[in-house]
Amino acid sequence: MAATTGSAGEPRVQLFSRASSGLIRELSLSDTVWYGVFSGGALFGFVYLFPTPQYLSPGINIPLMLLLTLLYGVVIYFVYAALGSAMPRAGGDYLYETRSLNPLVGFTVPWACQLLFWLTFPPAGAYVLATFGLVPIAQAANAPGVVSWLVSENGLFIVSAVIVAACWALTVTGLHFYRRIQRYVLVPGLVISVLTIIGLLLANFGTNFSSDFDRFQSPALTTRQVAAAAAKAGYHPVGVSLSHTLIWIAVLAAYVPYSMYSAQGLLGEVKGARSLNRLYLTFLAGGVILAIILLALPFVLISHIVGSNFLNQYAWAYGAGLIHPTYLPNIGVFLSMLTSNPLIVSLVALGFIVGGFAIANVVFVNSARVMMAMGLDGSLPRFFSDVSERRHTPVKAATLWSLCALGVSAIFSYVPSWFTIVLIGGAIGSVIVVGVTCLAAAVFPYRAPEIFRASPSGRYKIGSVPLVTVMGILGTVLTGLLVVVALVNSALGLTSTSAHLVLGGAFVTGVIVYAAVRAYRRREGVDTSLAFRYVPPE
Amino acid sequence: MRLKPKGRAKRSTERSWRLLYATDFHAGDVVLRKFLNAVPVYEADVAVIGGDLTGKRLAPVVEQAGGWRAEVLGREQTAADEDELTAMVRKIRGLGQYPVVMTAEEYAELLGDGDAVARRFEAEALLQVEEWLALAAERLEPLGVPLYVTGGNDDYFSIEAVLDSASYAINADGKVLEVAPGVQMISCGYGNPTPWPCPRDISEEELGDRLEKMASQLSDPGRAIFNLHVPPFGSGLDVCARLDTSVDPPRPLVGEEINAGSTAVRAAIERYQPAIGLHGHIHESGGIVKIGPTVCVNPGSEYGEGVLRSAVIDFAADGRPSSWQLLSA
């Protein structure tokens with residue numbers, strides 16, 4: 001006898017089970033929520049909250065931006081929950097776009113925006129881990145030499161390489177091991193760190209931050225020098241700018257809504273993935289934790305303690321190159337200024353270490369599954385779907401991808417002019433793929449009517465129009481606007497020719513790879529079109 | 001003993017005929033229907049359903065004042081009228097469960113009578129297999145596509161009679177059948193012991209004897225298909241969670257994986273080196289591997305999610321496989 005359920009006042013109806021073999025791997029609801037939180041970078045998002053936005057987009061309101069990003073996420077979560085519950089298996093965007101739109105589009109967009117741009121996340125994660133995590137600990141340990149090395153080109157590359165190696169090892173070891181790491185290391189580390197951060201901020205309410213800053217930056221810099229430099233750079237306080245607030249959603253949209261990332265990677269392993277409500281609530285819970293608890297709340301507290309005006313002055317003075325602080329300005333450094341206790345500094349840093357590592361690892365987990373889905377469909381060579389007999393994981397694909405990630409890490413570390421392209425390009429690439437999937441959702445009920453009708457979202461309509469179509473159109477429009485803003489606004493650093501070449505080149509390589517592999521598979525006698533044909537469920 | 005020469009001619013990529021294979025439906029009505037629909041969609045010439053047709057759960061749909069109620073996806077749901085009842089029953093069937101509409105009195109009797117539950121399970125399983133076979137005949141006979149079906153280790157022995165009496169489908173279990181000119185297929189739904197135990201769990205020795213008895217009749221093992229429910233041991237198609245057998249029912253130990261395939265199946269494949277091995281049993285371990293020259297396939301199973309996982313294998317005119325791929329729909 002097995003699962004029971006009940007309703008108020010009635011005897012419970014009980015399912016009867018019989019002894020039989022076969023188990024499906026199960027990922028619990030809480031595992032999935034936390035996976036989503038780490039997919040959204042956890043504390044990684046801080047890297048985008050200060051100081052660049054305040055300098056390039058005066059009047060930006062960070063908490064409002066996070067709230068609006070979460071609202072955007074509410075639309076995106078429905079789209080992914082609807083598609084995921086209709087097609088509850090691994091592959092995510094690749095699966096949805098190839099089945100609902102077109103195999104070429106469905107391959108090229110995830111190829112460019114995920115497999116290629118995801119390569120930027122290991123070095124970006126290493127940057128957060130080193131700058132926000134290891135540097136404060138080294139500072140607290142009074143090890144300036146280590147600090148200098150960590151922020152050097154070599155230091156960043158070596159940290160990136162270590163992360164790539166660790167992620168490779170976790171990927172080839174198998175998801176079960178990652179689940180343990182997440183459950184017993186990453187989640188406790190993040191929770192302890194966030195509680196420490198909030199406790200530290202609350203304990204410093206009403207204290208004199210100026211003296212903390214001056215002591216920390218002594219003798220290189222004082223708050224007075226910062227204010228003077230900001231004035232020289234032309235800074236003057238401005239009110240809230242909605243347009244500047246909206247611009248940066250284009251970047252954060254790649255993170256907060258990505259608590260639906262499990263739709264990409266693990267959906268084939270999530271218990272009850274066929275339930276629209278379950279998926280939607282899972283994604284939403286991750287989004288709320290990310291946007292509100294991990295990012296907005298600490299930022300509001302920091303703004304209150306540091307002072308919004310000083311935050312802006314510091315950003316302007318630094319952005320204009322008029323000050324040269326000993327420690328690069330970021331949220332983590334502010335936290336370090338509030339305490340000299342090495343234990344508290346280390347606990348705060350733990351969250352950034354965990355977040356930086358986790359976002360790098362998530363792209364390994366997901367890219368391995370996307371590559372497997374592509375390989376199984378015949379869109380990539382069989383090499384990518386080969387599974388190690390010993391490990392039961394795609395060792396070959398993970399190894400090749402790791403080597404590529406090392407290459408991108410080197411670019412990230414040693415070519416400063418590509419830093420923004422890599423960091424922001426990765427984020428925008430992730431937004432583009434979401435927009436195309438929203439389009440796939442909009443047409444899903446018409447391209448695959450039988451599958452749609454049989455899916456959980458099939459019963460939700462507004463008038464005669466399927467809700468998934470409405471949300472898909474809304475998501476496409478909103479995401480389209482974000483992408484346009486990102487591509488035309490110089491504040492985000494993607495208006496240069498080299499940025500356009502990188503973005504465009506990624507798509508062109510996708511088309512070339514798709515055509516080449518398809519031709520090769522045809523020569524092998526494999527009909528790759530079979531994978532994209534609809535099989536009616538009735 | 002090696003029965004085939006090691007070297008092989010370069011394989012032809014020209015398709016002469018196509019085989020569609022899926023397995024472990026476990027009463028999943030949606031996957032069975034998808035499978036039958038996939039035959040024309042994938043342009044298959046031969047269809048094979050591996051074992052484990054029958055389900056694991058029986059869902060009482062209990063009459064109450066003003067409607068019916070049942071557990072669906074872990075939550076209690078109610079149906080107020082016949083249309084809602086039909087939709088509820090359909091949904092339960094799609095999950096691979098047997099919906100049984102009953103009165104509150106009948107339900108109360110079942111709760112206290114384990115034998116009655118077991119009898120009801122078997123009756124519902126046989127009824128559904130009968131319905132499936134009728135539907136298969138209706139869909140596939142006009143296409144002229146033969147359907148080969150076997151039981152699996154989870155299936156009651158009583159479904160043999162249902163399979164044997166099918167008007168169109170062919171019960172392949174324990175037989176050596178020619179599925180295409182020059183291509184023979186042996187089939188076995190029995191499996192090595194599991195922690196449950198299941199109706200067709202037998203020892204490795206007995207399983208080996210059964211396989212040997214069939215394989216020794218093959219005229220050309222190198223072109224044969226081994227349709228064996230359990231995958232070969234240590235192939236990568238047989239990886240599943242280790243179970244804690246100290247509790248009833250056994251439960252998976254998170255993070256601990258084992259190879260649960262059959263050594264007898266592996267030995268038979270290594271000895272006879274057939275062209276293709278069709279397997280299932282371990283739902284979460286889908287994939288394609290080669291053991292020597294043999295292409296071994298386990299499409300996996302996601303019957304509870306309504307996902308049809310299948311394998312399409314093309315054969316050249318010489319009877320050798322020319323290409324193979326796994327598909328999800």
Side-chain angles (χ1 to χ4, degrees), chain A residues 1-7 10-26 87-89 91 95 174 176-177 179-180 268-269 272-275 278 373 376-378 382 385 387-390 392 451 454 521-528 530-531 533-538, chain B residues 13-15 24 26 30 33-34 37-38 41-42 52 56-60 62 69-71 73-76 97 110-111 117-118 121 153-154 194 196 198 234-236 239-241 249 252 254-255 257 281 283-285 287 289 301-302 304-308 312 314 322-323 325-329:
Chain A
M1 301 307 119
T4 60
T5 185
S7 59
E10 292 281 355
R12 298 189 299 187
V13 176
Q14 179 176 296
L15 284 179
F16 296 105
S17 298
R18 73 184 183 95
S20 55
S21 64
L23 292 163
I24 294 289
R25 208 171 289 173
E26 293 177 352
M87 293 176 256
R89 53 191 195 269
L95 181 68
H176 62 279
F177 190 61
R179 269 205 309 258
R180 282 186 167 183
E269 290 147 271
R274 212 175 159 196
S275 165
R278 184 187 175 91
L376 287 171
D377 277 358
R382 281 208 181 93
S385 59
V387 172
S388 154
E389 283 190 28
R390 183 159 168 242
H392 202 57
I451 295 176
R521 298 304 290 265
R522 195 179 296 126
R523 275 187 57 200
E524 274 192 325
V526 175
D527 183 355
T528 53
L530 292 183
R533 295 185 189 176
Y534 278 120
V535 178
E538 293 302 327
Chain B
T13 58
E14 189 182 336
R15 168 161 70 105
D24 293 80
H26 285 291
V30 171
R33 288 169 187 272
K34 280 187 176 178
N37 291 335
V41 170
Y42 295 155
D52 283 358
K56 304 166 182 234
R57 285 192 163 182
L58 188 144
V62 182
R69 61 195 175 90
E71 180 187 319
L73 283 171
R75 295 174 63 185
E76 190 163 274
Q97 299 171 5
L110 273 185
L111 278 177
V117 171
F121 248 121
N153 70 310
D154 275 338
T194 66
W196 276 276
C198 300
S235 60
V239 180
C240 62
V254 175
E257 294 186 331
H281 189 47
H283 303 174
E284 62 271 47
S285 204
V289 298
S301 173
E302 293 179 74
E305 305 295 348
V307 175
L308 171 68
V312 164
D314 289 347
S322 58
S323 74
Q325 59 186 313
L326 297 182
L327 298 167
S328 285

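Chain A is the first sequence line, chain B the second, and so forth, proteins listed ahead of strands; every chain is numbered from 1.
Of the atoms belonging to B:Leu327, it is side-chain heavy atoms, and not backbone ones, that fall under 4.5 Å from chain A. Using a 4.5 Å cut-off between heavy atoms, B:Val30 contacts chain A through both its backbone and its side chain. Heavy-atom distances place the side chain of B:Val307, and not its backbone, under 4.5 Å from chain A.
Here the straight-line distance linking atom CE of A:Met87 with atom OG of B:Ser328 works out to 12.0 Å at 0.5 Å rounding.
Among the candidates B:Val62, B:Leu111, B:Val312, the residue making the largest number of heavy-atom pairs closer than 4.5 Å to chain A is B:Leu111.
When every heavy atom of B:Ala38 is checked against every heavy atom of A:Val535, the shortest pair comes out as N-CG1, 3.8 Å. Scanning both residues, A:Leu530 and B:Tyr42, for their nearest heavy atoms gives O-CE2, 3.4 Å. In plain terms, the two heavy atoms of A:Val526 and B:Ser323 that are nearest each other are CG2-CB, 3.6 Å. Heavy atoms only, all atoms of each residue included: A:Asp527 and B:Gln325 are closest at O-NE2, 3.2 Å.
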